[in-house]
Amino acid sequence: MKNSKNEKSTNSKVDQLRDHTTDNTGEMLTTNQGLKINNNQDSLRSGERGPSLLEDFILREKITHFDHERIPERIVHARGSGAHGVFKINKSLAKYTKANFLSEEGKETPVFVRFSTVAGSAGSTDLARDVRGFAIKFYTEEGNYDLVGNNIPVFFIQDAMKFPDLVHAVKPEPDNAIPQAASAHDTFWDFISLMPESMHMIMWAMSDRAIPRSYRMMEGFGVHTFKFINEEGKMHFVKFHFKPKLGVHSVAWDEATKISGKDSDFHRRDLWEAIENGAFPEWDFGVQIIPEEDEHKFDFDLLDPTKLIPEEEVPVELVGTLTLNRNPDNFFAETEQIAFHPGHLVPGIDFTNDPLLQGRLFSYTDTQLSRLGSPNFHEIPINRSINTVHNNQRDGHMRQQIVKGKVSYEPNTIGGGCPFQAMMKEGGFTSQEERVDGQKIRARSQSFVDHYSQAKLFYNSQSEPEKTHLQNALIFELSKVTIPAIRERVVGQLNFINKELASLVAKKVGVDVTKLQQPNGSIPADADPKTLQSTEKEPSTKSSEALSMKNTVKDTIKSRVIGFVMENGVNAKDVKTLKSKLEKEEAVVQIIAGSLAPVKADDGTIFEPKHSLTSTASVCFDALYLCSGKNSAENLLNEDNKPGTLLFVNEAYKHCKAIYFGKETDEIYNASNVKGKKHEDSAIITSESNNSDESFIKAVSNHRVWELEKDRNNPA
Ligand code: HDD
């Protein structure tokens, strides 16, 4: 199904936006005052070669608007992409929450989702090693509910007080603004080395989760523990999860750095194209529910955002589906102006006392005031709730709403008491009652002082290739740190998580690990002991399947991009057969040739290449098919094309992708690093393989054969 933007939709938010949408098709050019413009090419001037006139209001309006068209980018999460969609609840959560959009089975709620990187500026690469934002605005009938989460279930710090420090440390350094969109620098690791609480999240951020293959192939987490409140006022704690139907997949770091050069909009383009092609991204929505009485049953504090609840301890119950099915009409109006806030709640959901969440409740509205410039940012079309807004707030910059009557206070009699307060049974929001008493104190709870056990859990749960990638990421990052003492302190922290990990990293970053691994307590000689915590605690769950991407969905090639490498003389029949098999499975086929000139096949068929060997690279594809045909193979190896063809194949091989050598392509096979691997490597398919087309499809659905990476990186 193609995404159609003009028909009346069943999505009430999209219908509401339509009232604010302009279509210029067939219209004449006007000024902002609606005056038709007769000449938009020349300014008004005194004589053909004379100076421009101040009275040229058309010129002035155009240039003034242009001069002011930038707004401040988000202080974090500046680089992002968004889409409209729908959230459907498949199994009622009424037992736990009175939130209308979660309690009526089958109910659909319009959403807008914005994905983002954190550290980079708006124009930075999508493939930075970074956390990804996963922010959802649910336009419910009871008002907007925002779930402002990430693709990683825990956070770097336990208290919002540290957020400006964390962000200042990771952002480009203030003297020279280097580096952009990267954590591999002194200030970030200086901060981290002094923040043991960050070590769990560091494990995630150094894993391949931080370089996703696509926004469509990453998980979403609410991170904090929230509260559900049901009709009877009973409270349950809840953690929110989104699990992608396509599985959780990543690229290799070497690929990420190359994609940044070839197509720095890779994730943005991928999301856009998938939706345009009708391959709507989908996630299962799940919850972990914890009864109030079990609050203290865990060996960590539910209020501590650096901890997750292992799925072995509380399973994730899948109860809904999130589908993105419509691209925005205008990036600025929608994706840029959308304003999220964890404090946008609906009845049935409430906060906990998580000190990170509590601080966020202040920060988000505050930042919108400087970013969007007015307390009326809720009136921007993308931010409007689908139910109407009634209150006594008035005026302010750019007010849109025209509120009738004399009254803007409450209580009143002149306005008949309106707008009046809603009772609970009418949907009036009430905060969950909770007994709170204590000393006013600036301190952290003792229950938050365990910084390594879940870092250990994460590391222990990784497969061998994932562990290798994590080690390599740490080595890359720390190698960019110029101050030896910082590298040493970080290795000291890693030592508390896993000694082997610390030793491997230490060796490559010039740290003497023996100094850190003293039997008397593993504390670096020159580290400030106050900053280092006990290493004794072991996680109650030793290993968790859900934490390893190895165990993710690997049964679909839907929306995977397969490069068909061909030249003149290609075997048209084989190309058409495989293409139709792949497209039946909803994969995307793109043709790559020596140049963009049409390719003439053996039977006269003409294929139009989308890319040339030099305009793209294999890092932009999920798998390759070296198309059948002796002449095609020969042409791909001619003087002009040979370097490009071999680079394509060798890099795809290095990155553990499925490669299919069609008939009569032995020459390419023999000239490449793949030579000799056809029978040893499950991702190398040749026309001699049994059911070669089907084997290829299976290999693509496996994503990669990371297990063979060592072999593939060091071709014999
Ligand atoms: Fe935040 C944006 C997620 C902690 C302050 N945050 C922002 C966005 C996401 C998150 C996804 C982008 C929203 C969008 O697409 O517009 N933030 C998180 C998560 C956190 C978190 C999952 C921890 C669990 N954030 C956090 C803290 C503070 C902030 C502790 C401040 C004390 N975050 C902001 C902000 C931003 C923001 C400065 C920048 C742009 C915006 O809010 O609208 O207010």
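Just the heavy atoms: all of them, side chains too, but no hydrogens, waters or symmetry mates, feed the values below. Remember, it's 1-based here, ligands and their atoms both numbered in the order they're listed. Just so it is clear, the structure is predicted and the values come from calculations on it, not from any experiment.
- Atom numbering of ligand 1 starts at 1 in the shown order; those under 4.0 Å from a heavy atom of L356 are 23 (C), 24 (C), 30 (C).
- Among all non-hydrogen protein atoms, the one lying nearest atom 15 (O) of ligand 1 is R114 NH1, 2.6 Å.
- Close N/O approach between S116 and ligand 1 is not found [any backbone or side-chain N/O within under 3.5 Å].
- Heavy-atom contacts of V223 reach the following atoms of ligand 1: 22 (C), 24 (C) (cutoff under 4.0 Å).
- If you run side-chain contact (heavy atoms from CB on, under 4.5 Å) between M549 and each of E219, R209, Q462, only R209 comes through.
- Checking only distances, R371 never comes within under 3.5 Å of ligand 1, N or O to N or O.
- Within 6.0 Å of CZ in F362 there are 12 or fewer heavy atoms belonging to other residues, nucleotides or ligands.
- At a threshold of 4.0 Å, the pair D304-K307 counts as salt-bridged, since one of the basic side-chain nitrogens sits closer than that to a carboxylate oxygen.
- For ligand 1, the atoms sitting less than 4.0 Å from at least one non-hydrogen atom of R74 are 14 (C), 16 (O), 40 (C), numbered in the order shown with element in parentheses.
- Remark: aromatic rings of F340 and Y364 are distant, center separation not under 6.0 Å.
- The line from CE of M199 to NZ of K456 is 12.5 Å long, rounded to the nearest 0.5 Å.
- Salt bridge status for K297 with E313: absent, with no side-chain N to carboxylate O gap under 4.0 Å.
- Residue pairs meeting the ring pair (Phe, Tyr, Trp, His ring centres under 6.0 Å) criterion with at least one member in residues 119-151, sequence neighbours excluded: F87-F138, F101-F138, F101-Y145, F115-F134, F134-F242, F134-W283, F138-Y145.
- Taking every heavy atom of F340 and a limit of under 4.0 angstrom, the matching atoms of ligand 1 come to 13 (C), 14 (C), 15 (O), 16 (O).
- Close approach to Q368 involves these atoms of ligand 1, each under 4.0 Å from a residue heavy atom: 41 (C), 43 (O).
- Checking E282 against T321 by side-chain atom types alone, no donor-acceptor pair falls below 3.5 Å.
- A salt bridge does not link E466 to K550: none of the charged nitrogens lies less than 4.0 Å from a carboxylate oxygen.
- Regarding atom 24 (C) of ligand 1, its nearest protein heavy-atom neighbour is H224 NE2, 3.3 Å.
- If you number the atoms of ligand 1 from 1 as listed, the ones under 4.0 Å from a heavy atom of G149 come out as 11 (C), 22 (C).
- Remark: minimum distance from atom 22 (C) of ligand 1 to any protein heavy atom is reached at N150 ND2, 3.2 Å.
- Each of F240, Y96, F237 was evaluated against F226; a single residue qualifies, F240, per the ring-ring contact (aromatic ring centres under 6.0 Å, His included) test.
- Of the heavy atoms in H341, none comes closer than 4.0 Å to ligand 1.
- When every heavy atom of I290 is checked against every heavy atom of D294, the shortest pair comes out as CG2-CB, 3.8 Å.
- The OG atom of S81 sits 11.5 Å away from atom CG of L324, with the distance rounded to the nearest 0.5 Å.
- For atom 1 (Fe) of ligand 1, protein N, O or S atoms under 2.8 Å: 1 in total.
- When only non-hydrogen protein atoms are considered, atom 41 (C) of ligand 1 lies nearest to T367 CG2, 3.5 Å.
- Near I75, meaning under 4.0 Å from any of its heavy atoms, are these atoms of ligand 1: 38 (C), 39 (C).
- With respect to the salt-bridge test (charged N to carboxylate O, under 4.0 angstrom), the residues K107 and E141 qualify.
- Put simply, no part of A339 is less than 4.0 Å from ligand 1, judged by heavy atoms.
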